Amino acid sequence: MIFSGEENNLGFETLIYLILFFCMMAGLFLNIPNLQIKKITTKLENELPLSIRTFALFLQIKMPFYNALKEIGTEEGEFSRQIRIVLKEAEQGVSLKKALLNFSSRFNSPYVKRAISQIIIAYEFGSTGIELERISADMLFVQQHKVKEYANKSAIFGLVFVIVTCVFPTFFLIYSFTSSIFGTMTLDNTALAIVMLLIFPTIASAILILSKASSPQSVFSKKTDKKYLLLTIMVAAFYVLAVTYAPKEFIYPAIFISSLIFFAAVYPGYKKEKNKEDTEIHLPDALFALSSLSPSATTRDIFFALKSVDCAPLSLEAQISIKQINSNVKDETVIRDFCHRIDSTIVTHYFEIAKQIISVNSFAYFAKLGQDAMEFTQINRDRQNILSMQKYTLIFGAFLIPVIIKLSLNMLKGVLILSKSNISFAFFDSIIAPYLAIYALLSSIYIADSESKNSQSIVYFFIMFLISLIVYNISIF
């Protein structure tokens with residue numbers, strides 16, 4: 001016998017836990033392909049309204065069907081990638097209809113199947129693009145509904161996040177400390193640090209990841225810039241070391257001076273993102289301005305019209321483009337450089353369409369393009385408004401968490417004095433600053449990523465960590 005009595009029960013329970021853990025991990029790994037397909041399908045459905053509307057516009061300006069598909073395939077995104085697969089199959093001898101049906105069969109999505117079905121009808125019988133526009137409008141309405149539906153979920157995620165980052169750690173500290181005093185349970189410093197600085201932040205990170213995964217993604221959102229992510233982590237590590245090891249009289253001067261240095265490092269990125277945001281806001285106005293141009297207008301006239309739009313960053317970039325045209329730079333190169341300098345997915349998308357409109361001298365379609373841009377940017381604004389509620393909840397948490405923890409620790413100090421115990425309180429107090437820094441780090445990265453303003457993660461971290469640090473050290477608490 002390996003185990004006897006209690007040891008036998010302990011061994012059996014351990015075996016059960018190991019089996020359950022193995023089954024859970026096996027189920028997770030087996031489900032990874034399905035999760036990946038679901039992720040791609042969600043991304044594809046998110047891109048459908050814009051891609052279908054763009055395709056409809058190409059048909060309306062009399063672009064040949066195959067050429068319109070090729071133009072869609074030149075863009076970024078999952079829908080464009082699938083269209084490139086369709087075109088590749090067609091080049092290998094598969095009929096275009098069969099290639100499109102293969103595309104539809106790869107995804108168990110009614111929206112994809114409906115869109116591809118309408119594209120096939122347009123291919124076989126001809127279409128002015130009106131039917132595709134209606135489908136796009138219907139899908140856009142569904143996306144707007146999902147954005148509003150997420151508003152309720154975001155409140156729940158915010159509540160759960162506050163509970164995990166504020167209530168649970170406080171209860172854990174109280175339980176650990178009182179158990180140590182009365183001898184019912186003793187946690188060493190290492191275990192206490194692991195729970196506070198690893199386990200709770202890991203659970204909080206999982207909640208934020210789940211919240212982001214369930215949020216309606218913007219079709220024009222960009223990937224997180226890892227440069228700013230790593231820089232924010234480095235800043236957080238620096239502040240934790242400064243608070244932990246620096247003499248108290250040097251803590252705030254060190255934070256202030258280092259913050260100026262860090263702000264100077266991220267300011268160019270912040271300025272660029274601010275200019276990009278202003279340009280995106282005024283993009284519909286710019287497209288409406290182009291719709292008034294005559295069919296004989298040149299590329300130079302187009303950028304003069306853009307220069308007149310009441311948007312300083314856009315006017316500045318238009319002036320640079322005019323100088324390029326005066327230097328006999330090719331029109332296509334001028335437009336490409338213009339989009340590259342602004343570095344905005346939505347601006348690049350609409351100006352790629354603009355090149356096709358210019359090539360057929362159908363400037364009246366710029367009004368339709370401006371209307372489309374207004375609708376899609378409105379969804380982005382609605383999404384930002386919903387996410388802003390989470391942002392303010394997280395920022396408020398930077399004030400609430402140190403208040404509750406400080407009040408709880410002061411209460412525990414009173415219990416320690418009354419019990420006349422010789423237990424050291426110093427370590428309990430020393431892990432709070434790193435914990436507040438971890439909270440500020442997770443929250444700042446999440447907020448900046450949700451707003452697609454990666455350079456501001458350091459700014460948000462500094463604001464939240466400084467608030468937490470000042471509140472925690474105020475003597476009134």
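Since the model is a prediction, treat every value here as computed from it, not as a measurement.
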Is [X] atom [atom1] crowded by more than 12 heavy atoms from other residues, nucleotides or ligands, each under 6.0 Å away?
{"X": "Gln319", "atom1": "CD", "result": "yes"}
{"X": "Phe168", "atom1": "CZ", "result": "no"}
{"X": "Tyr111", "atom1": "OH", "result": "no"}

Check: residues 193-201 side-chain donor-acceptor pairs under 3.5 Å, at least two apart:
none

So, the side chain of [X] versus the backbone of [Y]: is there a donor-acceptor pair under 3.5 Å, distance only?
{"X": "Ser315", "Y": "Lys307", "value": "yes"}
{"X": "Ser443", "Y": "Ala440", "value": "no"}
{"X": "Lys113", "Y": "Phe107", "value": "yes"}
{"X": "Ser51", "Y": "Glu47", "value": "yes"}
{"X": "Arg341", "Y": "Glu317", "value": "yes"}
{"X": "His282", "Y": "Val309", "value": "no"}

Exercise for the section: Just do the side chain to side chain contact (heavy atoms under 4.5 Å, CB included) check on Asn275 and Leu316 with the steps written out, would you? Expected result: CA-CA 10 Å; Asn275 289 341; Leu316 179 61; over 6 Å; no

Exercise for the section: Answer yes or no: is there an ion pair linking Arg84 with Glu75, defined by an N-O contact shorter than 4.0 Å? Expected result: no

Handout entry: side chain to side chain contact (heavy atoms under 4.5 Å, CB included), paired with Thr54, selected from Ile353, Leu369, Asp372
Key = Ile353

Fill in the blank from the handout: Of Glu280, Lys274, Lys272, the one forming a side chain to side chain contact (heavy atoms under 4.5 Å, CB included) with Lys276 is Glu280

Fill in the blank from the handout: The residue among Phe461, Phe161, Phe465 that forms ring-ring contact (aromatic ring centres under 6.0 Å, His included) with Tyr439 is Phe161

Problem - Centroid separation Phe351 to Phe338 less than 6.0 Å - result: yes

